[in-house]
Amino acid sequence: MNELKRSGAVASIAESGGQVTGMWSYNGGLVWEGKPVDMLDVFATLNVAPEFGSTVRWDFVDGRDFSKTLPATHLR
């Protein structure tokens with residue numbers, strides 16, 4: 001990754017567990033306030049490095065990006 005950055009061929013690199021446009025992994029069983037009792041909660045998930053968001057240049061409507069220094073929050 002460092003060699004690619006030094007070459008100037010890329011501006012940013014981040015690891016991911018799959019293609020951004022593919023759905024390879026799913027999770028469910030989440031709990032949150034106001035969740036409908038009969039809701040089937042199956043969400044596509046993708047494991048990514050903390051730098052992933054800035055690499056793909058996503059924008060947030062609410063919340064924050066991943067961080068190496070801030071812990072993840074849990075819904076339960």
Side-chain angles (χ1 to χ4, degrees):
M1 288 193 315
N2 289 333
E3 190 174 324
L4 275 171
K5 285 187 208 178
R6 280 192 302 271
S7 75
V10 298
S12 182
I13 300 172
E15 295 172 307
S16 108
Q19 297 175 354
V20 178
T21 57
M23 293 185 210
W24 305 94
S25 177
Y26 298 88
N27 284 293
L30 302 175
V31 177
W32 63 86
E33 187 176 328
K35 175 185 172 187
V37 177
D38 59 345
M39 179 182 182
L40 177 61
D41 62 331
V42 178
F43 300 95
T45 56
L46 179 64
N47 294 327
V48 297
E51 303 82 15
F52 186 81
S54 60
T55 299
V56 298
R57 297 181 180 164
W58 58 24
D59 293 318
F60 287 87
V61 173
D62 193 9
R64 64 171 173 82
D65 202 349
F66 298 115
S67 170
K68 289 181 182 180
T69 58
L70 296 173
T73 58
H74 300 284
L75 298 173
R76 289 184 196 216

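All heavy atoms count here, side chains included; hydrogens, waters and symmetry mates do not. By convention here, the first residue in the shown sequence is residue 1.
Atom CD of Glu15 sits about 9.5 Å away from atom CD1 of Ile13, to the nearest 0.5 Å. Atom OG in Ser12 sits 11.5 Å away from atom CG in Leu4 (nearest 0.5 Å).
Aromatic ring orientation, Trp58 versus Phe52: perpendicular (interplanar angle above 60°, classes split at 30° and 60°).
Heavy atoms only, all atoms of each residue included: Asp65 and Phe60 are closest at CA-CZ, 3.3 Å. Heavy atoms only, all atoms of each residue included: Ala14 and Glu51 are closest at CB-C, 3.7 Å.
Here the side chain of Asn27 pairs no donor or acceptor atom with the backbone of Phe43 at under 3.5 angstrom.
Under the 4.5 Å side-chain contact rule for hydrophobic residues, Phe66 and Leu46 share a cluster. Clustering ILVMFWY residues whenever any of their side-chain heavy atoms sit less than 4.5 angstrom apart, transitively, puts Val37 in a cluster other than the one holding Val31.
Other residues, nucleotides and ligands contribute only 12 or fewer heavy atoms inside 6.0 Å of the CG atom of Asn47.
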